[in-house]
Number of protein chains: 2
Amino acid sequence: MPTIKDVAKLSGISRSTVSRVINNHPYVNEEKRMRVKQAMLDLGYVPNSSAQRLRGSKTKTIAVLISRIVNPFFSGLVDAMDTVATEAGYKLILCNTRGSKERELNYLDLLKTKQVDGVVFASIENDWSDIKPYLAYGPMVLCNEYTDQTDIPSFRINHFQATIEAVTHFIKEGRTKIAFCRGDETIGSNLGVDREKGFISALTSHHLSFNKQWLFRNVSSIEDGRNVMKKIERMTDRPDAIFTGSDEVATGIIAEAKISSIKVPKHLSVIGFDDQQIAGVITPGLTTIRQPINKLGEQTMQHMIHILTNRISFLGHTEVLTTEFIVRDT
Amino acid sequence: MPTIKDVAKLSGISRSTVSRVINNHPYVNEEKRMRVKQAMLDLGYVPNSSAQRLRGSKTKTIAVLISRIVNPFFSGLVDAMDTVATEAGYKLILCNTRGSKERELNYLDLLKTKQVDGVVFASIENDWSDIKPYLAYGPMVLCNEYTDQTDIPSFRINHFQATIEAVTHFIKEGRTKIAFCRGDETIGSNLGVDREKGFISALTSHHLSFNKQWLFRNVSSIEDGRNVMKKIERMTDRPDAIFTGSDEVATGIIAEAKISSIKVPKHLSVIGFDDQQIAGVITPGLTTIRQPINKLGEQTMQHMIHILTNRISFLGHTEVLTTEFIVRDT
DNA sequence: GTGAAAGCGCTAACAG
DNA sequence: CTGTTAGCGCTTTCAC
C-alpha cells in the first residue's frame, strides 16, 4: 500500500504539499498539483482513513439504532436515512439492538471510541439517564421515539392524536367494544404511553369504558397478531374492534380470521399503523394510519448532518409530522 | 478525552503495560492490572479506535452490499448476517447500491481505504473484471449472487434447478402457456441467466415452446407486478401461468387480479420466489419457492469471519443450499 | 506557495 | 513481567 511518503518521493514534492492536494487546499501551484495527482494515479494511492481519522477525528460515519431491520417500518426509515447520508458523503453503521439494553449501550460505545460521528435513535431501550452521559462524546438525534426527559432533537408524529383519530373512527362506525394492542414496553420512550393515553381519552370522551381483558401487551409481529386473534376467539365477551398499533399485527389478525368463525370486518373491525405496502394488498384491505416514513427518516438525517457539518454542539428541535388516516375495508 | 498516557500517569505504570491490559495480554502482574483498570475507570478511558486501527489495521467492520434494504429478501439476509457478525464482535456498514455501478465502486473503496476488513456482496452490479482488482485490499464473499468468472467463495441456491421445479409444477397442473419475469439485468451475475436457462429447459423437455411476448424484464416490485398484470389483461393471447421470480411481483399480480377479469388461480396460475411472510397471508395463498434466507446469510458471514480471523488470503468455497417448493393456492 | 518537523493515540519489538 | 522506544500515515503550524 503506497503512502503519502511514496507519492511525495515519486513526484519529488513534499508530504505537506501532497496533503494539501488531497484536501483540495487552495494555495497550491497548478503544475505541482498535476504532478502530485499523476503520482497518486500511478501508484494507485488512496489516503489511509484511519490516519486521517486519528488526526482529524471525523469519521463520516453515523450509527443508526433500530430494534430490527426486518421490520418494514425500520427498513423504510433506514432506507430514507441512507439516501440523505450517502448524498452528503456519510456511511451508516446498522445497529440492530434487538430490544437489548446491553447491545444498545455497546453501540453507543462507537461514539465514545470515535468510530462514528453521531448516533440516530429510531428505537430506544435504555432509560434516558443511562444514555445521556454519551452526549459528551457526540451528537444524538431521535426519530420516531421521543422522551420528555430532555430537549434533544426529535422527529416524530403525534401518536396521541393519531390514536384518538383511529378510535374515534371505530366509534363513529358504531363499535363500542374496542381492544388495544401495544408493542414492547420501553422505558425511555413516550410513544407507547401516548398511544395508550389517546386510546383512553377517545373512549372517555364518548363515555365508553375500557375492558382490561382487551389490552394486549408485547405484540408486534404477524405471528403475535395471529395469537391475539386466537385469544379473542376463546373469549366469551369479545371486542368488536381492535387498534393493533402496527400493520404487521393487523395482518396477523386478518390472516387468522380467515380460518376462524370471527369475520373481519363483520364481527371485528381492525385498524393498523404505518400504512405499509402489505396494508394495500391483503384482503380485506387494511384501514390504517399512514406515517410519513420517508420524511421522518430524511429530516432526521438532514438534521444530524447539519449538526455535524456546522459542528454545533447542541441544537434542540422537535418536528411533529402529520399522519393520514387511510380508510380501506377493515 | 483521556488517552493511554493519562492512564499511565494516574496509575504510575508505563504505557506499554497499560496497552497490555487493554489487549488482555497474559503476562501482567495481577496487582498492576487492577491498578490500571481502576485508573481507566476513574478517567472514563476508552481506547481511541482510530489509533488502534492505524497501528493494527483491523477495523472489525464489514461492508454488506445489497441493492436496497427495503426489499424484504435483503433485510432478511442482512438481519441474519448481523446476528453472526455481532456475535463475533464485528459491525456492519450498510451499502445500498440501489443498482448503481458507481455507488458499488465507491463502497469498494471502503476496503481500499481500510475502513472495513472485508466485503460481502449480496447483490452485484459491476462486471467481475472491474471488481477483481479490489481483492488485493481484502477478502470478498458472495451471497445469493455468483459468477463463473472466479472461484471466490459463494453461498447460494441452485436457481436453475429451482426454476425447473416451479415450471414443471405448472406443466403438471396442465398449464401450457407459461410467462416468465426476470429482475434487473446484472452483468456480473449468473442468477438471472440460470433461471432463464431453467425455464427454457423445463419447457423444452415437455415439448413446449416459449412465446417471447410473455417475457417480462426488469420487474421486481409490487408495483411492477401490478403493471405486468395490466399488460397481460391487454393481450389477446394470454398466458395461463406465470413464474414471477419474486414474492413481491407475485403479490402485485394477485392484488391487481382482484380488480381485473383475470382470476388467480383460475385463469392464471402464479408462483413466487423466496417465501416471504407476505406469501402466507395474502389471499389466495401464494405458491412459492422457499429460499433458506437465514442460513444463506449466516453461513456467508461465518465464512467471512473465518477468513478474517485466520487471516486466510484466499479460501475458495461454494455452498449450494437447498430450496423447498411450497404449494399453496395459486 | 512550500517544506521541515511535531505530534494524533496506540502497539510491538527489544532490552532488561 | 515491565519500561523504553520507534513508528503506523496523516495534517498542520511555523518558518522560509
Side-chain angles (χ1 to χ4, degrees), chain A residues 1-37 39-40 43-61 109-117 137-138 311, chain B residues 1-37 39-40 43-61 109-117 137-138 311:
Chain A
M1 271 281 72
T3 73
I4 200 172
K5 216 170 164 178
D6 301 316
V7 178
K9 200 177 293 171
L10 182 63
S11 60
I13 292 166
S14 79
R15 274 150 61 185
S16 4
T17 302
V18 174
S19 171
R20 290 190 184 98
V21 172
I22 294 168
N23 297 287
N24 293 312
H25 212 85
Y27 304 121
V28 176
N29 175 300
E30 201 46 43
E31 185 253 329
K32 294 202 176 178
R33 183 190 298 282
M34 281 310 160
R35 254 171 51 206
V36 169
K37 291 217 163 179
M40 299 201 305
L43 291 159
Y45 167 82
V46 188
N48 177 319
S49 71
S50 300
Q52 289 182 311
R53 288 185 185 193
L54 181 54
R55 261 327 290 259
S57 81
K58 55 184 72 86
T59 65
K60 285 284 188 176
T61 307
D109 277 336
L110 294 176
L111 197 57
K112 219 172 175 179
T113 57
K114 305 227 182 309
Q115 304 195 62
V116 299
D117 295 338
Y137 307 109
R311 293 168 187 217
Chain B
M1 271 280 73
T3 73
I4 200 170
K5 218 169 165 178
D6 301 313
V7 177
K9 200 178 294 172
L10 181 64
S11 61
I13 292 166
S14 79
R15 277 151 58 187
S16 14
T17 302
V18 174
S19 171
R20 289 189 185 101
V21 173
I22 294 169
N23 297 286
N24 293 312
H25 212 82
Y27 303 122
V28 177
N29 176 298
E30 200 48 40
E31 185 252 329
K32 294 202 176 180
R33 182 190 299 278
M34 281 310 160
R35 255 169 54 206
V36 168
K37 290 217 163 177
M40 300 202 304
L43 291 158
Y45 167 82
V46 189
N48 178 317
S49 71
S50 301
Q52 289 182 311
R53 289 185 184 192
L54 180 54
R55 249 343 279 263
S57 82
K58 54 185 69 94
T59 66
K60 285 283 189 176
T61 307
D109 276 336
L110 293 177
L111 198 57
K112 219 173 175 178
T113 58
K114 304 227 182 307
Q115 304 195 63
V116 299
D117 296 338
Y137 306 109
R311 293 167 187 218

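Just so it is clear, the values below take in all heavy atoms, side chains as well, and ignore hydrogens, waters and symmetry mates. Small disclaimer: the values here were computed from a predicted structure and weren't measured. Chain naming here is simple, since letters A, B, ... match the order of the sequence lines and numbering starts at 1 in each.
Atom OG in A:Ser14 sits 6.5 Å away from atom CZ in A:Arg20 (nearest 0.5 Å). In this structure, NZ on B:Lys37 lies 13.0 Å from OG on B:Ser11, to the nearest 0.5 angstrom.
The distance from atom CD1 of B:Ile13 to atom P of D:dT4 is 12 Å, rounded to the nearest whole Å. Protein atom CZ of A:Arg53 is 16 Å distant from nucleotide atom P of C:dC10, rounded to whole Å. In this entry the distance linking CD of B:Glu31 with P of D:dT2 reads 9 Å, nearest Å. Note: CG (A:Asp6) to P (D:dC8) measures 11 Å, nearest angstrom.
Between B:Ile22 and B:Tyr45 the shortest side-chain heavy-atom distance falls below 4.5 Å. At least one side-chain heavy atom of B:Val21 sits under 4.5 Å from a side-chain heavy atom of B:Val28. Annotation: side chain of B:Leu10 is in contact with side chain of B:Leu43 (closest heavy-atom distance under 4.5 Å).
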Look for any protein N or O under 3.5 Å of an N or O in nucleotides 9-12 of chain D and output each such pair with its distance, or none.
residue : atom : partner : partner atom : Å
D:dC10  : OP1  : A:Tyr45 : OH           : 2.5
D:dC10  : OP1  : A:Asn48 : N            : 3.0
D:dC10  : OP2  : A:Ile4  : N            : 2.4
D:dC10  : N4   : A:Arg15 : NH2          : 2.5
D:dT11  : OP1  : A:Asn23 : OD1          : 3.3
D:dT11  : OP1  : A:Asn23 : ND2          : 3.2
D:dT11  : OP1  : A:Gln52 : NE2          : 3.1
D:dT11  : OP2  : A:Ser19 : OG           : 3.0
D:dT11  : O2   : A:Arg55 : NH1          : 2.2
D:dT11  : O2   : A:Arg55 : NH2          : 3.4

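Donor-acceptor pairing under 3.5 Å is lacking for the side chains of B:Arg53 and B:Gln115.
Of all heavy-atom pairs spanning A:Leu111 and A:Gly138, the tightest one is CD2-O, 3.7 Å.
Tested against A:Val36, the residues A:Met34, A:Met40, A:Arg33 include a single side-chain contact (heavy atoms from CB on, under 4.5 Å) partner, A:Met40.
In the helix from C:dG1-D:dC16 to C:dG16-D:dC1, the terminal helix axes, each the rotation mapping four pairs' C1' atoms onto the next four within five end pairs, subtend 30°, rounded to 10°.
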